[in-house]
2 protein chains.
Amino acid sequence: MTEDLRPLGNPSSENFRLDAYPFYLLNRAASRYNVVIESELRRIGIDIPAWRVLMILGEAQPLSIGQVAKSAVINMSTMMRIIERMTKAGLIETNPSEADGRVKEVLLTDHGKAKLADARIVTAPLYDKIIKGFSAAEFSTMLQILERLHDNLE
Amino acid sequence: MTEDLRPLGNPSSENFRLDAYPFYLLNRAASRYNVVIESELRRIGIDIPAWRVLMILGEAQPLSIGQVAKSAVINMSTMMRIIERMTKAGLIETNPSEADGRVKEVLLTDHGKAKLADARIVTAPLYDKIIKGFSAAEFSTMLQILERLHDNLE
DNA sequence: GGATAACAGTTGTAAATGCAATTATTATGC
DNA sequence: GCATAATAATTGCATTTACAACTGTTATCC
């Protein structure tokens, strides 16, 4: 029987501890991951925002700029600038939507697809390294927990 | 017996899925949390970086600028600017270290302590809301998983 | 069907970020 | 003990970010 750590992670608690605060740990893990992954991505000439967009479009396309922004949890106006840069770099292209005159559809170019393949290659070893030590059950639990955190933030 | 999802989360996998990629979920959860928490913090006039520094100093002080930066996983030069702003706002103060002439020690002012108390008050309800639904055991598992992810990224 | 609201995208602007170079101080090797 | 390397903090500068205001298009309500 282990101690109930939930009160310790409550910011308003008397005996609050940073290392029991899930969002501190969440941000810390995410930040560190980004630092590590960024140096890998630099080698193939892309940054984290571009990589996120590539990943998102790699799974479903075309997507509107708004949809991409929402998926990536990135501000719409920031996403505009990212789309601009990526278009200039030839990674993606945009077309006005047939169905809705307000919408611009974003999709990968061949160059973008190739870059995504490169990105997968350079990030895969890192993935293996980090996942090592997680059993299938633990991995599944991790996904569920992250999903739940996200849902609770709706 | 559930399926082993680990291969699905591998970026180089044939049938890769974003929603099985832990770092996508990690970043998404962290981003959303930041968006939500930011609007709470705005009400008491601080931003996320300042809040992170307050939390860190609230647990241990004084700390060198470098230590604060490391704890927060924020670039040192960025942390310099944050320290500057917070000093100007009267939340923290800095003194040269006795022991090491290169080091500047950072600590909370009374105003900083009061602001930290405010921050805890406005963030606590959010904490409760998000934590609700997690058992003590699940909560503990969550902390362990985040800790492990972080350690694996060393 | 026309006014009004909601929505997708776009841009100006100010602030934040981080790389790279610099200074000042302390640790290390011989 | 002195030269050299390592470390902590600092700043210039170019890039990135996001708020707020704006345009154009579609949905809603009477």
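Lettering of chains follows the sequences in order, A, B, ..., and the numbering in each one begins at 1. The figures here come from the full heavy-atom set of this structure, side chains too, leaving out hydrogens, waters and symmetry mates.
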K.L.:
Taking only the side-chain heavy atoms of P49(A) (C-beta and beyond), determine which of dA8(D), dT17(D), dC19(C) contains the nearest atom.
P.N.:
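When the side chain of P49(A) is considered, dT17(D) is the closest of dA8(D), dT17(D), dC19(C).
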K.L.:
Could you walk me through whether L107(A) and N95(A) pass the side-chain contact (heavy atoms from CB on, under 4.5 Å) check?
P.N.:
CA-CA 8 Å; L107(A) 58 157; N95(A) 301 118; 3.5 Å; yes
K.L.:
Donor-acceptor pair, E105(A) side chain versus P62(A) backbone, under 3.5 Å?
P.N.:
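A pair under 3.5 Å: no.
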K.L.:
Just do the salt bridge (charged side-chain N to carboxylate O under 4.0 Å, His left out) check on R28(B) and E147(A) with the steps written out, would you?
P.N.:
CA-CA 9 Å; R28(B) 200 180 57 157; E147(A) 196 70 44; 3.3 Å; yes
K.L.:
Between dG9(C), dC19(C), dT11(C), which nucleotide has the shortest distance from any of its atoms to the side chain of R81(A)?
P.N.:
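My answer, after comparing the listed nucleotides, is dT11(C).
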K.L.:
Would you mind telling me which residue lines up with the more 5' stretch of DNA chain C, E38(A) or V103(A), judged by nearest nucleotide?
P.N.:
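Per heavy-atom nearest nucleotide, the more 5' residue is V103(A).
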K.L.:
Could you please name the option among dT11(C), dC19(D), dT17(C) that lies closest to any side-chain atom of M80(A)?
P.N.:
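Side chain of M80(A) sits closest to dT11(C).
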K.L.:
Side chain of D100(B), heavy atoms from C-beta onward: which of dC19(C), dA9(D), dT26(C) has the nearest atom to it?
P.N.:
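Taking heavy atoms from C-beta onward, the closest nucleotide is dT26(C).
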K.L.:
So if I take every side-chain heavy atom of I65(A) and compare against dT11(D), dA18(D), dT10(C), which nucleotide ends up nearest?
P.N.:
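So the side chain of I65(A) is nearest to dT10(C).
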K.L.:
Using a cut-off of less than 4.0 Å, is there contact between a side-chain N or O of R85(A) and OP1 or OP2 of dT16(D)?
P.N.:
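Affirmative; the distance criterion is met.
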K.L.:
What nucleotide, of dC19(C), dT10(C), dT26(C), holds the atom closest to the side chain of R102(B)?
P.N.:
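Of the options given, the side chain of R102(B) lies nearest dT26(C).
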K.L.:
How are the rings of Y21(A) and Y33(B) set relative to one another: parallel (under 30°), tilted (30 to 60°) or perpendicular (over 60°)?
P.N.:
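Plane angle over 60°, so perpendicular.
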